[in-house]
Amino acid sequence: MSWFDSIIATNAKTLSKISTTLRLGAGATWPGEIALTVKPNILSSLLSGLRKGIIIVAGTNGKTTTARMIVTILEAQGLRVIHNASGANLLNGIVSALINKADWRGQVSADWGVFEVDENSLPQFIKSIKSIKSKVVLVLLNLFRDQLDRYGEVDVISEKWQKSLESLNNVKIIANADDPLIAYLASSASRPGPSFAQATAGRLEASTRFFGLDDPSQFQKKIEHATDSTFCPTCGTRLLYEGYYYSHIGIWKCIKCKTKRPPLDVSECDYPLPGLYNRYNTLAAVAASQVLDIKQETISEALAGFVPAFGRQEEFTIDGKKVKIFLSKNPTGFNQSLRTILDLGAKHLLLVLNDRIPDGRDVSWIWDVDFELLTQDEHVITVSGDRVYDLALRLKYANLNQFFVEPNLHHALKQSLDVSSKSETLYILATYSAMLDVRKLLTGRKIL
Amino acid sequence: MSTYGDRGNIICLEKRCEWRGIEARVTQVTLETPVRELKSCDLIFMGGAQDRQQKLAGDDFLHHKGPVVKAMVEQGVPALFVCAAYQFVGHYYQPYQGDKIPGAGIFDLYTVHPGDQKKRLIGNVVAELSCQLSAVSCQLKTIVGFENHGGKTYLNENPKSQIPMTKPLAKVIKGFGNNGEDGYEGAVYKNSIGSYFHGPLLPKNPHIADWLIAKALEMKYGKIIPLENLDDSLEWQAHSQML
């Protein structure tokens, strides 16, 4: 790190401290934004302070939980880790996380950096680590439709990723074999390039480990509506599935070009959180830890004590009543949340839909969520949020006719708690900004 | 080709028939669906798709199902074409680079993509119906939705040479509409509607849903069958919130 970079980092850090002191928000991204404006390549320079290497977690759903699991395991091993725990996963958020942990000289001192990276920012992030000599582990979780107004379609993202992955040297890829697009991206990145030059440039050293499930008892009886990659990523033929676990995740093959789900390196472990999607998050974290040569014992012990990230099955006790928040931000995530809470025997539900920038302005996706899973007799439902009437309308067309419509979140929360008893859990499914609002109300205890 | 909550349009039509005791069966038309099955339908819906899926479906549509749908629309079978499907029922789609992609030529319209560097037209939209959609009693003359398109659509390729049969569906109050230039949104031809509104279009615009259902019944039974009124207070509340 040059003296100039040090000055930028130290100054940004001071600003960040002031921001925290003034309670302008601890997870602020603007110190990073300032540093990036002054010095666009500040990221590579900060990252070069990481002694052992960088672990990148990318995908539509599960980034925060998976990254947190990896951090938990690394810390159990006694390693020092820097992590964008606030979920700020654009470049400015990552730079801010690094700056916050930098010393007075602006130097970062840690063994590993574990970063969840936004789908659109991944190519840029990969660009900034090209010159890094230390180890890079790239965890690819899944690609689902999410905020089409902001991200574009799944195919567009996957094309960007493919181009970017081609440029990576010396990377270990941990990939979800059950997601056809991810499996395809990982396989094409780890194959030696067409030219000898590319091969000798280190492409041959790239290697991929696949995780996935081998558990037909978990196959879905009915295919979910929000399914994206059902065509072969290699030849475009409709894929044949032995079974779907959820969305387009499953055991797949192409009868035309014979591409099929790659053999699994990791398919079993103990799962600390309920939900099929969390099995994948856990398998990804375990596979990543294994390539870092962490002992199975350490991994299992660390995961057994795993505490979920904010808003991801996070639990609160309010007036002796249990409240669990499930961030549910896109059709696949929402469907998975619904299935998980139904398995847990949920009776009381609060559903909150916002349409602010972090949620995506377009709320069309709620029509791709299988709200038909809920029933009038078994569930007491309240809906709220900026787009409460859109959500209410969706429920009406899912055969539900008795539920509470409360635009004011504060009242909705109070009302949902009032109707549930002490032995019951209130399950809150909320979009991103709605989840933050709910947490604020709960942690500030403002509702009581 | 379901993206952008297109299923909402189907659910809406299905439920509004069910609530009135009108028996309706939904047939999903895929690449493998035989043409005769398509011909047996009384109402057609076609939505958007990702580029890759659209290409697959597009080739099939142009060569096999397009001419059938065109004949059905000409006969007066009601249809709703949204987003990519709306572009596809026009004469052609002109990409930023490369040759024109021919459309099914059902509606007198065409679409031009001004280039990847140009901003997509994205956001909530409100428009006022400019076409008389008769056989519908409605409280409001507005339609609401969300649009997200790169291509710009223009009606009536050569307005002088023929009587413009394809008319705009609505006049934009807020948002972009067909092209962000002439202030129009959507198109109507005979009993068919094309629109950039997803969101999806029908649940929050029950008047449009009922117009399609009424037209389907009229065509099937050869006479006007009045639709029973439903309690649409929630629908109009969601609609009004967007105004």
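To find a chain, count down the sequence lines: A is the first, B the second, and so on, and within it residues start at 1.
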I'd like to know whether [atom1] of [X] has more than 12 heavy-atom contacts from other residues, nucleotides or ligands below 6.0 angstrom.
{"X": "B:His113", "atom1": "NE2", "value": "yes"}
{"X": "A:Glu159", "atom1": "CD", "value": "no"}
{"X": "A:Lys253", "atom1": "NZ", "value": "no"}
{"X": "B:Tyr93", "atom1": "OH", "value": "yes"}
{"X": "B:Asp99", "atom1": "CG", "value": "no"}

Determine whether [X] and [Y] make a side-chain contact, defined as any pair of heavy atoms from C-beta on separated by less than 4.5 Å.
{"X": "B:Lys15", "Y": "A:Lys396", "result": "no"}
{"X": "A:Leu393", "Y": "B:Gln237", "result": "no"}
{"X": "A:Tyr397", "Y": "B:Arg16", "result": "yes"}

Which residue pairs pass the salt bridge (Lys or Arg N to Asp or Glu O under 4.0 Å) test when at least one of the two sits in residues 194-209 of chain B, sequence neighbours left out?
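The answer is A:Asp390-B:Lys204.
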
For B:Leu234 and A:Tyr389, which heavy atoms make the closest approach, and how far apart are they?
CD1-CD2, 4.3 Å

What part of B:Asn124 is in contact with chain A, defined as an atom under 4.5 angstrom from a non-hydrogen atom: side chain, backbone, both or neither?
side chain

Heavy-atom distances under 4.5 Å only: say whether B:Gln241 touches chain A with side chain, backbone, both or neither.
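For B:Gln241, the contact with chain A is made by the side chain alone.
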
Under the ring pair (Phe, Tyr, Trp, His ring centres under 6.0 Å) test, residues paired with A:Tyr277 that sit two or more places apart:
none

Between CD1 of B:Ile11 and CZ of A:Arg394, what distance do you get to the nearest 0.5 Å?
4.0 Å

CH2 (A:Trp367) and CG (B:Asp6) are apart, to the nearest 0.5 Å, by 12.5 Å

Indicate yes or no for a side-chain donor-acceptor contact from B:Arg7 to the backbone of A:Val369 under 3.5 Å, with no hydrogens or angles considered.
yes

Please classify the contact between A:Glu372 and chain B as side chain, backbone, both or neither, with a heavy-atom cut-off of under 4.5 Å.
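Just its side chain gets close to chain B.
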
